[in-house]
*Asks:* 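One structure coming up, written as structure tokens, with questions to follow.
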There are 2 protein chains.
Amino acid sequence: MKDKKETYDLIVETAYKMFAENGFDKTSLAMIAKGVGISKPAIYYYFDSKEKLIDFLFEEICKEIMIQSTITVDDLTVNNFEQFLLNFGFKMIEEQERDVYFNKIFNEYILLATRNDKYMTQLNKIQKSYFENFSMLMNYGVKIGVVNRDNVENKSNILVMVIDNIGNFILTGLELDYKGTWEEAVKSVLKGVRND
Amino acid sequence: MKDKKETYDLIVETAYKMFAENGFDKTSLAMIAKGVGISKPAIYYYFDSKEKLIDFLFEEICKEIMIQSTITVDDLTVNNFEQFLLNFGFKMIEEQERDVYFNKIFNEYILLATRNDKYMTQLNKIQKSYFENFSMLMNYGVKIGVVNRDNVENKSNILVMVIDNIGNFILTGLELDYKGTWEEAVKSVLKGVRND
DNA sequence: GTCTATAGTCTGATAGAC
DNA sequence: GTCTATCAGACTATAGAC
């Protein structure tokens, strides 16, 4: 029982890294087995098929994203709103610069989703929650008077687009002032409030 | 000679669509041959290998992007600067909504590039020219007084990030007010000029 | 739980006739 | 130029011993 758990985790971790580095198609079960230090058929004891292994990893990743993208609005005030937004982005940028695997494998899943509704349904849920979180945040900003009420949804969309795409550009090795760009995006969006 | 040209073009067109729809690995030469209406070995008369075919399409796509992303600043004035930026984005959004193949296959190449320097070198050139074009445009905007000179590079980056990511979101079928978001991005970036 | 052995399928690529 | 025939190799997955 103890050994089962350990091998299982090793398969999951190794598959995660190898799928991220080589892609799903160019990562065979034989490669994963070799990486773990077991034989190929041993993987089938834990996962019914390669596809099931891919599906399992997708669900794990989705859960993680849902947790990370959650925003709680409770402690936000006029004084810390901008700093909160800035920190949220900075934290994401730092995480994406640190963990290359995550973005690579997630892009694999996005491409998979464009060809397979099973993944697209799940992906759309994540996107929706992402946009809703930022929308909620910006509307709260309007409420406390730090965001101009005009085109709130579009302002929210801009922030999502920028922070999401920073990850993609990091992936290509492009060295840009990402934090500066995020800061400018936040400031652009918060500009123009009438204090009357 | 005439027949050669026709078959050649058919292979290129069919491969383009099939690679976009199924991905490189899940599109075999047999499938392409069947789509064209020839036998598999016939493809080898035109392309030395599957990889060479993939490389050729990549170069074609790169050329097209380089042309489309080129911006000429000559006719821009204080009066038409904002409208030019808006139209540039609107045109890109419309094209991306129309041609689904282009974005799908380009994302394939981006993933390929993260695993193969041959493609990454080319991809980085495209990105560089893209950022430079927008940077040049924004600096021209500063010069004629429609863009605030503070953080010009970051403002330019925001526009690139937004317009680039709109394509990705269209790919996932997400229905958003893309044109409105672009409009808001342009206005956010152009805001705050001091007319003194 | 993990192994060896292997079935069955598909792949990219080549040889050689027409 | 295009074909039929065929290759070696890699793949997922399974059977059955231990």
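What you see is a predicted model; the values in this text were computed from it and never measured. Hydrogens, waters and symmetry mates are skipped; everything else that's a heavy atom, side chains included, is used. Order of the sequence lines fixes the chain letters, A, B, ..., with proteins taken first and strands second; residue numbering starts at 1 for each chain.
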*Asks:* Figure out the NZ/C1' separation between Lys50(A) and dT12(D), and round it to whole Å.
*Replies:*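 Taking NZ of Lys50(A) and C1' of dT12(D), I get 8 Å after rounding.
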
*Asks:* Rounded to the Å, how far apart are Leu53(A) CG and dA13(D) C1'?
*Replies:*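 Atom CG in Leu53(A) sits about 14 Å away from atom C1' in dA13(D).
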
*Asks:* How about Lys63(B) and Met66(B): do any of their side-chain heavy atoms sit closer than 4.5 Å?
*Replies:*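 They are not in side-chain contact.
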
*Asks:* Does dC10(C) have its OP1 or OP2 closer than 4.0 Å to a side-chain nitrogen or oxygen of Ser28(B)?
*Replies:*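 For Ser28(B), the contact criterion (side-chain N or O under 4.0 Å from OP1 or OP2 of dC10(C)) is not met.
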
*Asks:* Are any of Tyr45(A)'s side-chain N or O atoms less than 4.0 Å away from OP1 or OP2 of dT2(C)?
*Replies:*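 Checking dT2(C) against Tyr45(A), no side-chain N or O comes under 4.0 Å of OP1 or OP2.
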
*Asks:* Roughly how many Å is it from CZ in Phe24(B) to C1' in dT11(C), rounded to a whole number?
*Replies:*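 Between C1' of dT11(C) and CZ of Phe24(B): 17 Å.
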
*Asks:* So, does Thr7(A) get its side chain near the phosphate of dT2(C), meaning an N or O under 4.0 Å from OP1 or OP2?
*Replies:*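 It does, given that an N or O in the side chain of Thr7(A) lies less than 4.0 Å from OP1 or OP2 of dT2(C).
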
*Asks:* Under 4.0 Å: is that the gap between some side-chain N or O of Tyr8(A) and OP1 or OP2 of dG1(C)?
*Replies:*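 Indeed not, no polar side-chain atom of Tyr8(A) lies that close.
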
*Asks:* Pick base, sugar-phosphate or nothing for Ser39(A), based on heavy-atom distances below 4.0 Å to the nucleic acid.
*Replies:*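 Counting heavy atoms under 4.0 Å across all strands, the contact made by Ser39(A) includes a base.
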
*Asks:* Angle between ring planes, Phe88(B) versus Phe134(B), binned at 30° and 60°: parallel, tilted or perpendicular?
*Replies:*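 Answer is perpendicular, since the angle exceeds 60°.
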
*Asks:* What I'd like to find out is whether the side chain of Asp164(A) reaches to under 4.5 Å of the side chain of Phe169(B), using heavy atoms alone.
*Replies:*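 Yes - at least one pair of side-chain heavy atoms lies under 4.5 Å apart.
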
*Asks:* With a cut-off of less than 4.0 Å, is there a side-chain N or O of Tyr44(B) near OP1 or OP2 of dA13(C)?
*Replies:*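 Yes, because at least one side-chain N or O of Tyr44(B) sits under 4.0 Å from OP1 or OP2 of dA13(C).
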
*Asks:* Rounded to the nearest Å, what distance is computed from the CD1 atom of residue Ile11(A) to the P atom of nucleotide dG1(C)?
*Replies:*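 Taking atom P of dG1(C) as the reference, CD1 of Ile11(A) is at 12 Å.
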
*Asks:* May I ask you to check whether Tyr109(A) and Phe24(A) place their ring centers less than 6.0 Å from one another?
*Replies:*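 Yes, ring centres under 6.0 Å apart.
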
